[in-house]
**Student:** 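Let me begin by handing over the structure; questions about it come next.
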Amino acid sequence: MPALIEEGRAKVNLSLRVVGRRADGYHDLESVVAFADCADRLTLEPGGELKLTTTGPLAAACGDMADNLVFKAATLLAEAVPNLKLGAFALDKVLPVAAGIGGGSADAAAALRLLARLNNLSLDEPRLQKVALATGADVPVCLFSRACDMTGVGEQLLPLMLPSMPCVMVNPRVPVATKDVFQALGLRNGELLVGATSVLNAPAWPDEGASIADWVDTLETVANDLEAPAMRIEPVIGDVLEALRGSAGVKLARMSGSGATCFAIYSASAEAHAAAEKIRRDHSGWWVHAGTLS
């Protein structure tokens, strides 16, 4: 059988509300999630034992293979599905790690899609869904890689119809651990940030056919609750946001996920590419991508 290939597209949190911290220590969230046109590439050579090799400009940042989410997802699925066909994975890593764009989660989701194809499993297969959530909170949304409103700890997904949004994504090449950001947020077990009034006043997301301006207007009414604690850990995030917010034509700029990647939305691709070029010139050490979100 020839090699199978999937892309692990970067996930961007256009909004992120922390509803509260549950008694079990997990945080309930609500987030509008979009996906970018930049991605890692995962290849599966069917047959033999489970293996993983990494290549690409950011391969060195992947760390110990035993801790890689691709390996974890495949191992968990093999435990859940008897006689699962496996093989050798090769990951071409181009997305920053610990960056708030779900790079590792997208790679794990790509691994699950590859194994589903190899073993004739549906992506709606309950065992696959359970393994996705057990692998990581962002893996279920990355499994389908389509825009949605994500709630709970990442398991509840409501599809949304986003327009294609010109964007710039910037990471200062500083890793930020999600657990450190939630620790800096400082919620106790059982503590809520969002009450009944907040739920009733929550915005209704625009319908299919809404414009970029419609979405920006709505997104401006919510924020990323992890932005402030992440900036306390890595103040350079503030520099990234300043660079994006100072660019010509920017409509909205904020941090994605738990950081440190930030994004900006524009009305036109030419504005996004011009902004990206200026940021590259001014900050040659930063990772910069100009493209689209959808």
Side-chain angles (χ1 to χ4, degrees), residues 6-18 26-27 29-42 54 56 58 61-63 67-74 76 91-114 123 128-129 131-160 162 165 167 169-182 224-227 230 237 254-263 287 289 291-294:
E6 284 279 348
E7 287 191 337
R9 294 172 62 196
K11 167 224 58 152
V12 173
N13 299 91
L14 301 181
S15 68
L16 198 161
R17 290 197 313 167
V18 179
Y26 287 97
H27 289 79
L29 310 174
E30 182 189 14
S31 177
V32 173
V33 177
F35 286 86
D37 58 351
C38 53
D40 293 334
R41 183 182 177 93
L42 189 65
T54 57
L58 293 176
C62 290
D67 296 328
N68 191 284
L69 291 185
V70 168
F71 206 86
K72 180 179 179 181
L76 288 175
L91 175 63
D92 182 21
K93 188 67 180 171
V94 300
L95 299 178
V97 301
I101 53 175
S105 296
D107 298 340
L112 292 176
R113 291 196 300 272
L114 288 169
L123 294 187
L128 195 71
Q129 294 286 319
V131 165
L133 186 59
T135 303
D138 281 336
V139 180
V141 71
C142 291
L143 189 62
F144 295 98
S145 293
R146 65 190 180 205
C148 68
D149 183 21
M150 179 177 71
T151 54
V153 294
E155 81 283 9
Q156 299 170 30
L157 307 174
L158 175 67
L160 297 172
L162 290 178
M165 299 179 176
C167 78
M169 298 164 60
V170 179
N171 183 279
R173 298 190 188 273
V174 175
V176 178
T178 300
K179 63 179 179 60
D180 294 343
V181 176
F182 276 109
N224 182 343
D225 292 338
L226 299 181
E227 195 170 288
I237 294 170
R254 62 175 46 142
M255 189 184 81
S256 175
S258 56
T261 303
C262 300
F263 68 92
W287 178 88
H289 171 77
T292 58
L293 299 173
S294 60

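Sequence positions, counted from 1, serve as the residue numbers for this chain.
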**Student:** Keeping Asp225 on the side-chain end and Val18 on the backbone end, is there a donor-acceptor pair under 3.5 Å?
**Tutor:**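 At least one qualifying donor-acceptor pair exists.
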**Student:** With the side chain counted from C-beta on, respond yes when Ser15 and Glu30 share a heavy-atom pair under 4.5 Å apart, and no when they do not.
**Tutor:**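 No - every pair of side-chain heavy atoms lies 4.5 Å or more apart.
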**Student:** State, to 0.1 Å, how close Leu162 and Ala34 come at their nearest heavy-atom pair, and which atoms those are.
**Tutor:**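 What the structure gives for the nearest pair is CD1-CB, 3.6 Å.
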**Student:** With sequence neighbours left out, write down each residue that passes ring-ring contact (aromatic ring centres under 6.0 Å, His included) with His289, or none if nothing qualifies.
**Tutor:**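 His289: no ring-ring contact (aromatic ring centres under 6.0 Å, His included) contacts found.
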**Student:** Applying salt bridge (Lys or Arg N to Asp or Glu O under 4.0 Å), name anything that partners Glu227, two or more places apart in sequence or on another chain.
**Tutor:**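 Testing Glu227 for salt bridge (Lys or Arg N to Asp or Glu O under 4.0 Å), a comparison that skips the adjacent residues, returns Arg245.
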**Student:** Which atom pair, heavy atoms only, marks the closest approach of Leu95 to Gly103?
**Tutor:**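 Closest heavy-atom pair between Leu95 and Gly103: CD1-CA, 4.3 Å.
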**Student:** Using 0.5 Å steps for rounding, measure from the CZ atom of Phe35 to the CD1 atom of Ile101.
**Tutor:**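 So the gap between those two atoms works out to 11.5 Å.
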**Student:** Can you check whether Val94 reaches Cys38 side chain to side chain, under 4.5 Å on heavy atoms?
**Tutor:**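 No, their side chains stay 4.5 Å or more apart.
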**Student:** Tell me the closest heavy-atom pair linking Leu69 and Ser105, and the distance in Å.
**Tutor:**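 Smallest interatomic distance, heavy atoms only, reads CD1-N, 3.9 Å.
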**Student:** Just how far is it from atom CZ of Arg113 to atom CG of Leu42, taken to the nearest 0.5 Å?
**Tutor:**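 Going from the CZ atom of Arg113 to the CG atom of Leu42 covers 9.0 Å.
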**Student:** List in chain and number order the residues that pass side chain to side chain donor-acceptor pair (under 3.5 Å) with Ser31, two or more places apart in sequence or in another chain; answer none if no residue qualifies.
**Tutor:**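 Testing Ser31 for side chain to side chain donor-acceptor pair (under 3.5 Å), a comparison that skips the adjacent residues, returns Asn13.
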**Student:** For the OG1 atom of Thr292 and the CG atom of Asp37, what is their distance to the nearest 0.5 Å?
**Tutor:**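 Going from OG1 on Thr292 over to CG on Asp37, the span is 3.5 Å.
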**Student:** Let me see the working for Leu143 and Gln129 under side chain to side chain contact (heavy atoms under 4.5 Å, CB included), right down to the final yes or no.
**Tutor:** CA-CA 9 Å; Leu143 189 62; Gln129 294 286 319; 3.6 Å; yes
**Student:** Below 3.5 Å, can you tabulate the donor-acceptor pairs from side chains in residues 146-153 to any protein atom, sequence neighbours excluded?
**Tutor:**
from: Asp149; atom 1: OD2; to: Trp205; atom 2: NE1; distance (Å): 3.4
from: Thr151; atom 1: OG1; to: Gln156; atom 2: OE1; distance (Å): 3.2

**Student:** In this structure, are over 12 heavy atoms from other groups packed under 6.0 Å from Arg41 atom CZ?
**Tutor:**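 At most 12 heavy atoms, drawn from other residues, nucleotides or ligands, come within 6.0 Å of this atom.
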**Student:** Rounded to the nearest 0.5 Å, what separation is found between the NZ atom of Lys72 and the OG1 atom of Thr135?
**Tutor:**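 Answer for the NZ-OG1 pair, Lys72 versus Thr135, is 6.0 Å.
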**Student:** Return the CD1 to OG1 distance between Ile237 and Thr261, rounded to the nearest 0.5 Å.
**Tutor:**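 Those atoms lie 9.0 Å apart.
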**Student:** Compare every heavy atom of Ser258 with every heavy atom of Val181, then report the nearest pair and how far apart it is.
**Tutor:**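 That closest heavy-atom pairing would be CG2-O, 3.5 Å.
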**Student:** Measure across Ala132 and Val139 and return the closest heavy-atom pair with its distance rounded to 0.1 Å.
**Tutor:**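 Here Ala132 and Val139 meet closest at O-CB, 3.2 Å.
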**Student:** Applying salt bridge (Lys or Arg N to Asp or Glu O under 4.0 Å) as the test, list every pair that has at least one member in residues 91-110; sequence neighbours left out.
**Tutor:**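 Qualifying pairs, neighbours excluded: Asp40-Lys93, Lys93-Asp107.
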**Student:** For Lys11 and Gly102, which heavy atoms make the closest approach, and how far apart are they?
**Tutor:**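 Result for this residue pair: CE-N, 3.7 Å.
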**Student:** For Arg9, give me all partners under salt bridge (Lys or Arg N to Asp or Glu O under 4.0 Å), at least two apart in sequence or on another chain.
**Tutor:**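 Counting only residues at least two positions away or on another chain, Arg9 forms no salt bridge (Lys or Arg N to Asp or Glu O under 4.0 Å).
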**Student:** Do Met169 and Ser256 come within less than 4.5 Å of each other through their side chains, counting heavy atoms only?
**Tutor:**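 A side-chain contact under 4.5 Å is absent here.
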